[in-house]
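Below: one structure, written as structure tokens.
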Amino acid sequence: MNRAPASVWRNPIHFLAFGLGSGASPWAPGTVGTLAAVPLWYLLAQLPLITYLLIVLAAFAVGCWLCQRTSDDLGVHDHGGIVWDEFVGYWITMIAVPVAPLWAVLGFVLFRVFDILKPWPIRWADKRVHGGFGIMLDDLIAGVFAAVVLQLVIWVLA
């Protein structure tokens with residue numbers, strides 16, 4: 001069971017790193033964190049693509065710092081409750097995806113599958129790249145893999 005530190009509710013940096021508190025879930029915090037990213041995707045998806053991409057890029061860059069700072073403060077590298085990386089990974093999965101419940105759910109499932117199974121090079125990055133960048137990198141790669149599969153499915157079915 002994941003135990004979230006009390007600082008998640010007091011420290012705005014920890015609150016963001018814990019995905020607006022979603023990572024404090026005692027069960028499957030990564031899945032709950034990804035689920036919390038879905039409504040934010042619906043808002044982001046209304047923006048022009050270039051704006052969406054810039055926000056995701058900024059969220060990745062800020063995430064490297066948030067995750068590093070929170071890990072340092074907690075004394076735990078990649079605490080299970082740090083789920084900002086899941087937010088960004090899901091948003092990467094959903095780049096240029098039509099706004100519809102089917103695609104939101106399929107993107108969610110695909111991202112979680114790649115994030116959990118960690119095929120090469122996701123597992124390599126997870127094991128070898130450290131710090132805030134490392135926390136973010138494996139989810140970035142999982143998001144790219146999921147995005148490619150999702151775009152292929154959309155292309156075939158649409």
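Here the structure is a predicted model, which is why all the values come from computation and not from measurement.
Rounded to the nearest 0.5 angstrom, Phe87 CZ and Thr34 OG1 are separated by 8.5 Å. Interatomic distance, Ile82 CD1 to Leu66 CG, rounded to the nearest 0.5 Å: 9.5 Å. Between the SG atom in Cys64 and the CG atom in Asp85 there is a gap of 10.0 Å [rounded to 0.5 Å]. Expressed to the nearest 0.5 Å, how far CG of Asp78 lies from CG of Asp126 amounts to 6.5 Å. Remark: His77 NE2 to Thr70 OG1 distance equals 12.5 Å, nearest 0.5 Å. Summarising the geometry, atom NZ belonging to Lys127 is positioned 13.0 Å from atom CD1 belonging to Ile122; distances are rounded to the nearest 0.5 Å.
The main-chain N or O of Met136 is never found under 3.5 Å from a side-chain atom of Trp84 such that the two would form a donor-acceptor pair. Arg128 contributes no side-chain N or O that, together with a main-chain N or O of Gly134, makes up a donor-acceptor pair within less than 3.5 Å.
Ile116 and Phe145 fall into different hydrophobic clusters, where Ile, Leu, Val, Met, Phe, Trp and Tyr residues are linked whenever their side-chain heavy atoms come under 4.5 Å apart, directly or through other members. Neither Leu57 nor Ile95 shares a network with the other; the hydrophobic side chains, linked directly or stepwise wherever heavy atoms of I, L, V, M, F, W or Y lie under 4.5 Å apart, form separate groups for each. In this structure, Val76 is not a member of the same hydrophobic cluster as Leu16, with clusters built from ILVMFWY side-chain heavy atoms closer than 4.5 Å. Ile50 and Leu43 sit in two unconnected hydrophobic clusters of ILVMFWY residues. Membership requires side-chain heavy atoms under 4.5 Å apart, directly or through other members. Connection of Leu54 to Leu140 is not established within any shared hydrophobic cluster, with ILVMFWY side chains joined at heavy-atom distances below 4.5 Å, either directly or through further cluster members.
With contacts defined as side-chain heavy-atom distances shorter than 4.5 Å, the pair Pro98/Ile154 qualifies. With a 4.5 Å cut-off on side-chain heavy atoms, Glu86 and Phe111 count as touching. Between Tyr90 and Asp139, the closest side-chain pair of non-hydrogen atoms is not below 4.5 Å. Between Ile135 and Ser71 there is a side-chain heavy-atom pair separated by less than 4.5 Å. Considering only heavy atoms from C-beta on, Ile55 stays 4.5 Å or farther from Trp91 through its side chain. Contact check for Ile13 versus Asp73: no side-chain heavy atoms found under the 4.5 Å cut-off. The closest side-chain heavy-atom distance from Val83 to Val32 is not below 4.5 Å. Under the 4.5 Å side-chain criterion, counting only non-hydrogen atoms from C-beta, Phe114 is in contact with Val149.
Sorted by first then second residue, the side chain to side chain donor-acceptor pair (under 3.5 Å) pairs that include residues 108-121, not counting sequence neighbours, are Thr31-Arg112, Arg112-Asp115, Asp115-Lys118, Lys118-Asp138. Under the side chain to side chain donor-acceptor pair (under 3.5 Å) criterion, no residue pair touches residues 48-61, with sequence neighbours excluded.
Of all non-hydrogen atoms in Gly33 and Ser22, the two that sit nearest each other are CA-OG, 3.4 Å. When all heavy atoms are compared, the tightest approach of Ala104 to Tyr42 is CB-OH, 3.6 Å. Between Ala125 and Leu137, the closest heavy-atom pair is CB-CD2, 3.9 Å. Heavy atoms only, all atoms of each residue included: Thr93 and Gly107 are closest at CG2-O, 3.6 Å. Here the closest non-hydrogen pair linking Cys67 and Gly132 is CB-CA, 4.2 Å.
Taking the six-membered ring where tryptophan is involved, the planes of Phe18 and His79 are tilted, since the angle between them lies from 30° to 60°.
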